[in-house]
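Heads up, the thing below is written out as structure tokens.
Not measured: the values here are computed from a predicted model. Naming convention: chains lettered A, B, ... in sequence-line order (proteins, then strands); numbering from 1 in each chain.
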Protein chains: 2
Amino acid sequence: MVTMRHLRYLVALAETRHFGRAAELCHVTQPAMSAQIRELEEMLGIDLVERRRGAIAITSEGEEIVRRAAAVVASVRDIEDLARQRQGVLVGPLALGIIPTVAPYLLPLCLATLRARHPRLEPRLRETRTTSLLAELAAGRIDVAILALPVDRPELETLALFTDRFLLATAADDPDAAAGPADAATIRPERLLLLEDGHCLREQALAHCRLASAANLATLGATSLTTVLQMVAAGYGVTLMPELVARAGFDDPRIVLRPFREPAPAREIALAWRAASPRRKDFQALGRLVTECWKAADGRAAA
Amino acid sequence: MVTMRHLRYLVALAETRHFGRAAELCHVTQPAMSAQIRELEEMLGIDLVERRRGAIAITSEGEEIVRRAAAVVASVRDIEDLARQRQGVLVGPLALGIIPTVAPYLLPLCLATLRARHPRLEPRLRETRTTSLLAELAAGRIDVAILALPVDRPELETLALFTDRFLLATAADDPDAAAGPADAATIRPERLLLLEDGHCLREQALAHCRLASAANLATLGATSLTTVLQMVAAGYGVTLMPELVARAGFDDPRIVLRPFREPAPAREIALAWRAASPRRKDFQALGRLVTECWKAADGRAAA
DNA sequence: CTCGACGATCGGATAATCTGATCGTCGATG
DNA sequence: CATCGACGATCAGATTATCCGATCGTCGAG
């Protein structure tokens, strides 16, 4: 008789292609993993995995079984989620992924309110870039993500939260720090400081400055937005800073922030989740709350 | 952690609406059933079933969970079936339902061949009328059914096996037993003997004799085709006998069988299975074998 | 009021599963 | 060529989960 355990272990093994790591994912030891997989193979009468040195491989017959097993595991998780929904909105565990250029600035704006309004929610936060978030959403390792649009995956549903305009951040003593609205076209590429490759914010900034290649950019990308801003403050160049950073309380006397001329470059921040998830209501409630917090932070930024 | 056991038990309970009978379906005792259901309810934090005297009821929240649970249970069974398919065709357990006007005549024609060609097949046979067969197919209690077309269920797939013409069976000493092809229109309703209500063969016979109502039929329906034929032999009337019965070796000196004038009344015997089943190949192989046996029995009938 | 049907509950037995230790094998490395 | 490290297999013993059989409590029918 095939059990959920067999299927869960198999899915983990297919994801990691490694008995030890799969076992870890399932919070068991490697012998337990080995035993269950072998039992499943025996029951089905099929070799599901090829044991080889280095990385193991799922056999071609195994692939189909894995696909179905993953669907079953997801369905059962959906049943559990559905049940929790009946308990009320935003109750129980919620795995939330956020891109690194949003997390440190948005969370301070929202977490207190979230905790106050939904005390029974148990958020588990994860911070990675868009690519990983999308993969983890699909795999069901996170329930919902906060990232920048566009998200071009038909299996995901999105909910726009707010428009995050970019501001031009310049050192206060920079001769380029002219007053009045900035113009993206006037930014000299060799002065533009950006995050390292893989951050969507980097791509967006490049797009808005109409720079196709990063060939003649100032430096290799920085690891965090804070680092970039430190570099700006130290006079190494300029950057496009999301208004979100300002609303989160960023204020450095060495940096001048100027809005762009309309149409201002901006990114659209949104929630994304598996369309098949039964927790739509949770996500929509979360979305409303985030949008509300974003708006509430407007005054603070203006001040 | 929700297990397959929880889901299987829940589905059984939803089907039977009775702890004892559900337990029986799952081959466990009633306390085991009670414990698992209660555990599931506790895990999900939802009352799934209303314990009442007489028949229990699934709560409205429970209905949705049951629906999903049934889907999961079916998916897992499909995984097992899929795995068996890889072993070769017609291997392992196969639950086959057959209508009562086919089973006793078709089985002798096929079983020996089936057993010879597919020795590893473990057929589990069930004989009931079309309505039950369709329900059991849908519920997954049987894998495939042999019945008469038409089957008007979009979720089922069918494969026509052979056309089973009706013969007019008359007592040998009946004055109506004229030579030559018979004509359905000449059958006197009060002489027509039929099976009891619920058998598709009865409806087909009525349709072919252009008798809308059964108001002025000879008697209350009989329980089995053999009974009807005994009555014919005894001179109580006539009946429409499927050629299948003849091919199975039926031969009674007291009964004369005559073909009908073309277009002869007939029924189309077919296989039916859940379209979602991964065992199509099994069913098609079974279909080929049955058709072959039907054709092979032609000579015997003519002899 | 008594009885029967039904689901809940309990104690002891059993089977499934896990852990921790250890082994064997293969590829890389010096 | 010997050694080492990574990895999965295997085994014994401990731990849980699950089941069964017996029994109880409750409700409705007669």
Among C:dG20, C:dG7, D:dA22, which nucleotide sits nearest the side chain of B:P31?
D:dA22
Base, sugar-phosphate or nothing for A:H6? Non-hydrogen atoms, less than 4.0 Å.
nothing
Interatomic distance where CZ belongs to A:F19 and C1' belongs to C:dC23 [whole Å]
17 Å
Candidate nucleotides D:dG8, C:dT19, C:dG7, ranked by approach to the side chain of B:S34 - the nearest
C:dG7
Quickly work out the B:Q36 CD to C:dT9 C1' distance and round it to whole Å.
15 Å
Just checking B:A32: base, sugar-phosphate only, or nothing, at a heavy-atom cut-off of under 4.0 Å?
sugar-phosphate
Counting just side-chain N and O atoms, does B:Q30 come under 4.0 Å of either OP1 or OP2 of C:dA5?
no
Please report the distance, rounded to the nearest Å, between CG in B:L13 and P in C:dG7.
8 Å
Between the side chains of B:T59 and B:E63, does any donor sit under 3.5 Å from an acceptor?
no
Look at A:Y9 and C:dT17 and indicate whether a side-chain polar atom (N or O) is within less than 4.0 Å of OP1 or OP2.
no
Output the rounded distance in Å from CD1 (A:I56) to P (C:dC26).
17 Å
Will you find, in the side chains of A:Q230 and A:T226, an N or O donor that is under 3.5 Å from an N or O acceptor?
no
Taking atom C1' of C:dA16 as reference, at what distance in whole Å does atom CD1 of A:I37 sit?
16 Å
Below the 4.0 Å mark, does C:dG7 have OP1 or OP2 next to a side-chain nitrogen or oxygen of B:H18?
yes
Nearest-Å distance, CE (B:M4) to P (C:dA16)?
17 Å
Salt bridge A:R202-A:E196, side-chain N to carboxylate O under 4.0 Å
no
Basic-acidic side-chain contact under 4.0 Å: A:E41, A:R51:
yes
Write down the distance between CE (B:M1) and P (D:dT16), rounded to a whole number of angstrom.
17 Å
Can you find a side chain N or O atom of B:R5 that sits less than 4.0 Å from OP1 or OP2 on D:dC19?
yes
If I take atom CZ in residue A:R8 and atom C1' in nucleotide C:dC18, what distance separates them, rounded to the nearest angstrom?
16 Å
Return the nearest nucleotide to the side chain of A:E39; candidates are C:dT17, C:dT9, C:dC18.
C:dT17
Can a side chain N or O of B:R51 be found less than 4.0 Å away from OP1 or OP2 on C:dA8?
yes
Using a strict threshold of under 4.0 Å (side-chain N to carboxylate O), is an ion pair present between B:E15 and B:R21?
no
